[in-house]
Protein chains: 4
Amino acid sequence: MGSLRPRSGGATEPDARTRILDAAEKLFAGGGYEATPTAEIARLAQVPKGLVFHYFPRKIDVLVALIDERTLVEEVPEVEAVPGDAAKSLSRLARRLPLRASPAMRRILFREADTHGSVRDRLGRLNGEIVRRARFALELALPTRRGDAARLEVAAVTFAAVLLHQENLCQLTGHHIDPDAVAELIAHALG
Amino acid sequence: MGSLRPRSGGATEPDARTRILDAAEKLFAGGGYEATPTAEIARLAQVPKGLVFHYFPRKIDVLVALIDERTLVEEVPEVEAVPGDAAKSLSRLARRLPLRASPAMRRILFREADTHGSVRDRLGRLNGEIVRRARFALELALPTRRGDAARLEVAAVTFAAVLLHQENLCQLTGHHIDPDAVAELIAHALG
Amino acid sequence: MGSLRPRSGGATEPDARTRILDAAEKLFAGGGYEATPTAEIARLAQVPKGLVFHYFPRKIDVLVALIDERTLVEEVPEVEAVPGDAAKSLSRLARRLPLRASPAMRRILFREADTHGSVRDRLGRLNGEIVRRARFALELALPTRRGDAARLEVAAVTFAAVLLHQENLCQLTGHHIDPDAVAELIAHALG
Amino acid sequence: MGSLRPRSGGATEPDARTRILDAAEKLFAGGGYEATPTAEIARLAQVPKGLVFHYFPRKIDVLVALIDERTLVEEVPEVEAVPGDAAKSLSRLARRLPLRASPAMRRILFREADTHGSVRDRLGRLNGEIVRRARFALELALPTRRGDAARLEVAAVTFAAVLLHQENLCQLTGHHIDPDAVAELIAHALG
DNA sequence: GATGAATGAGAATTCATTCAT
DNA sequence: TATGAATGAATTCTCATTCAT
């Protein structure tokens, strides 16, 4: 499990709070937030039950802390787009979503979107950021023509939809999408 | 709530089993499966608690019955596509997903995809059917060119992603997608 | 399962009441009276749940009927003892307990002795009858000596204990007793 | 009720776990395991319902703990037999069964033999130990003769049967056995 | 900070029994 | 006589949360 917080480095055993979050991350990703008892978090974290509530007074605080500390939507100004090559720019975006989070945290992010506002918000910001980057990449790649703004926006939104759809439902339904091919398709549509 | 089962027509009060499913549909869509106690289903359905278990021995059976009886993925051979007009064909598909289910059932379908295999399966079939129809629509609309099969497939998959993404996450994140615009974009990409 | 009631002979399917008792016999012997739901009796008997209560208004009536109709302690005057051969007489008794009941009913008889007075009574009568027969066998077999009445009684009671212990606990604990050897031992003690 | 665990001595109120086992011991002996609700155990123990499940996650664990902690089959090498006096040796054995358990626990041991394997095992070991001791007592008491091993074994098994039969069924059927008289009978048979 | 016993509301499920048909 | 839906109290078990130490 990936933490965004610096851990006490080397071979040291992570501290109790970290172990609790590690356990919750695994369990929430597996069975879901509602179906995971705090007692099981404690057991897996190898901490006494009471300690979970010492760090996280209510169960929901564990989820909030996970989202807060272990997912990061990268909203940096500089986006690595390839000027003049829309397809390549989108492919890059696909290969490296502006989301720093472990696979488990990604599952939680999508799965528990209904559970708490903070999760939903994070997901919304991720979507927004992907759209923003896709838009930027396309703007940078394409010769500026008038009247293209709307179409470019649609392309960006579409690409974001494909990426998030893949992250979320494709894993469940077993379908597969090749983002590179989609990138090329979209680039072609705008070209 | 929409039932695929024929109800006892007219103003007759629906029978107990139907009322239970009606109540479950509303509650699962609202608070989610795990967070909904069977007692609340019974209360809303105005039946004694025991009757819920008379019809559905375990709680999960209520969810399975809902998916089973109140969602239908239309897998019919004839698809109404407009020959020669890819964009219009896709737009039509967007306007009428091959999914017969109430808005509440749609919410349940996406929300509880992790909860039980039967939900996941249904969702997978929905995705598959949308892809199939999009593919068919595009094949019918476009002049047959060699080597385009792959690109056409990508277009179909992309369109399906957009539609399902809209049904699922757009409602949560507050973003919006105009399927018609996406349809046009894709048609243009293949045109 | 053995019924003491005459069944409708030949290959005819037994009637509902009989099937209910057949099912109860098997289930009570297997899991015990308390742990057997009436619904399961109905299921195994392949009769609707309501019919069980038609024939047996309360659940305990099923057990009482079983004991009543499917166990018989033979309290007949004529006992086949071998005059002059105590060991042989006891052996015969062991080989044919004065209890007409299927193995399942025997299990129920011992297992549910605490559950209802009628079961306890039947068991008491069985014990009494075995003692009576053992006593009779020994009296018949042995030359009448004064002062031996008490010892003979002890022998009879001992033999009954061995037989019932075997029927009851030996089956559970996996131990084994050879009644013939015990018969010989006792005969020797009195000889 | 006798506990094999050391209690907090003196007039101190026993702790919650002990009170739960005390209550269960009384209730299981009275009405039987199946017929005793955990809620009644809690009530009698004067602890909240939840605490029963804190210590014993499933109801059966209460029974298992009782058997485990409150019955002990004494399997010690040294057996106090009276050399040369078989009858007396057996009488001693009868007077002090190698079973450390309260009368209530004895009732539970025999009554719930079908309920759980652990009970059955304990009962089996008790039977085995009694046989072993009876055998030892007789070996010690009797002059060693050839070919008597089998008869001695039968005698031991018989005596064990009588003792356990008395503990178990005699209480139910109302019959009575005088172990001393049986001891004498057996001694006489081997004498 | 750490701990695990304690709490009790409430969850799922069971089940004997009733009853209208 | 036959049926299975209906009932609701009771039962086992869960679990977030508190709290004394």
Side-chain angles (χ1 to χ4, degrees), chain A residues 15-17 19-20 33-43 45-63, chain B residues 15-20 33-43 45-62, chain C residues 15-17 19-20 33-43 45-63, chain D residues 15-20 33-43 45-62:
Chain A
D15 61 26
R17 190 177 181 281
R19 291 212 308 280
I20 290 169
Y33 170 81
E34 295 276 9
T36 301
T38 54
E40 205 181 336
I41 298 175
R43 203 178 314 130
Q46 303 204 7
V47 302
K49 218 181 342 179
L51 199 55
V52 175
F53 286 90
H54 177 70
Y55 287 114
F56 309 99
R58 285 159 313 138
K59 186 188 173 189
I60 192 67
D61 296 330
V62 180
L63 178 60
Chain B
D15 63 23
R17 189 176 182 280
T18 303
R19 291 209 310 280
I20 290 169
Y33 170 82
E34 295 277 10
T36 301
T38 53
E40 205 180 334
I41 298 175
R43 202 180 316 128
Q46 297 197 324
V47 300
K49 232 183 340 174
L51 197 56
V52 175
F53 289 93
H54 176 66
Y55 287 110
F56 308 101
R58 288 159 310 144
K59 186 188 173 188
I60 192 67
D61 295 331
V62 180
Chain C
D15 62 27
R17 190 177 181 281
R19 290 211 309 279
I20 290 169
Y33 170 82
E34 296 276 11
T36 301
T38 53
E40 204 179 337
I41 298 175
R43 202 178 316 130
Q46 301 203 14
V47 302
K49 217 183 340 179
L51 200 56
V52 174
F53 286 90
H54 176 71
Y55 288 114
F56 309 99
R58 286 160 313 138
K59 187 189 173 189
I60 192 67
D61 296 331
V62 180
L63 179 60
Chain D
D15 63 25
R17 189 177 182 281
T18 303
R19 291 210 310 279
I20 290 169
Y33 171 81
E34 295 276 9
T36 301
T38 53
E40 205 180 335
I41 298 175
R43 201 179 317 128
Q46 297 197 325
V47 301
K49 234 182 339 171
L51 198 55
V52 175
F53 289 93
H54 176 67
Y55 286 110
F56 309 101
R58 288 159 311 143
K59 187 188 173 187
I60 191 68
D61 295 330
V62 180

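As the structure is a prediction and not an experimental result, all values here were calculated from the model. Quick note on labels: first sequence line is chain A, next is B, and so on, each numbered from 1.
- Backbone-only contact: B/Ala16 has heavy atoms under 4.0 Å from sugar-phosphate atoms and none from a base.
- Using a 4.5 Å heavy-atom threshold, the side chains of A/Tyr33 and A/Lys59 count as touching.
- Across every strand in view, E/dA20 sits in a pair with F/dT3 that passes the Watson-Crick or G-U test at under 3.5 angstrom.
- A/Ile20 has its CD1 atom 12 Å from the C1' atom of E/dT3, to the nearest Å.
- Both B/Glu34 and D/Gln46 lie near DNA chain E, and the one whose nearest nucleotide falls closer to the 5' end is D/Gln46.
- The distance from the CD1 atom of C/Ile41 to the OG1 atom of C/Thr36 is 6.0 Å, given to the nearest 0.5 Å.
- Rounded to a whole Å, the CZ atom of A/Phe56 is 15 Å from the P atom of F/dA16.
- As a whole-Å value, the separation of C/Leu51 CG from E/dT18 P is 15 Å.
- Rounded to the nearest 0.5 Å, atoms CG (A/Leu63) and CD (A/Glu34) are 10.0 Å apart.
- When all heavy atoms are compared, the tightest approach of C/Val52 to C/Ala42 is CG2-CB, 3.8 Å.
- Nucleic acid contact for A/Tyr55: sugar-phosphate only, since backbone atoms but no base atoms lie under 4.0 Å from a heavy atom of the residue.
- Between D/Ile60 atom CD1 and F/dT11 atom P the separation is 17 Å, expressed in whole Å.
- Straight-line distance from the CZ atom of D/Phe53 to the C1' atom of F/dT11: 8 Å, rounded to whole Å.
- One interatomic measurement links the two molecules: NZ of D/Lys59 to P of F/dA10, which rounds to 15 Å at whole-angstrom precision.
- Side-chain atoms of B/Tyr55 do not come within 3.5 Å of backbone N or O of B/Thr18 as any donor-acceptor pair.
- Look at B/Thr38 and you'll find a side-chain N or O under 4.0 angstrom from OP1 or OP2 of E/dA12.
- DNA chain F is contacted by both D/Ala39 and B/Pro48; B/Pro48 maps to the nucleotide lying nearer its 5′ end (nearest heavy atom per residue).
- F/dT12 is paired with E/dA11 under the criterion used here, namely a Watson-Crick or G-U wobble arrangement in which both key atom distances are under 3.5 Å.
- Atom CZ of D/Arg58 is separated from atom C1' of F/dT11 by 16 Å (rounded to the nearest Å).
- The NE2-P distance, from C/His54 to F/dA5, rounds to 19 Å in whole Å.
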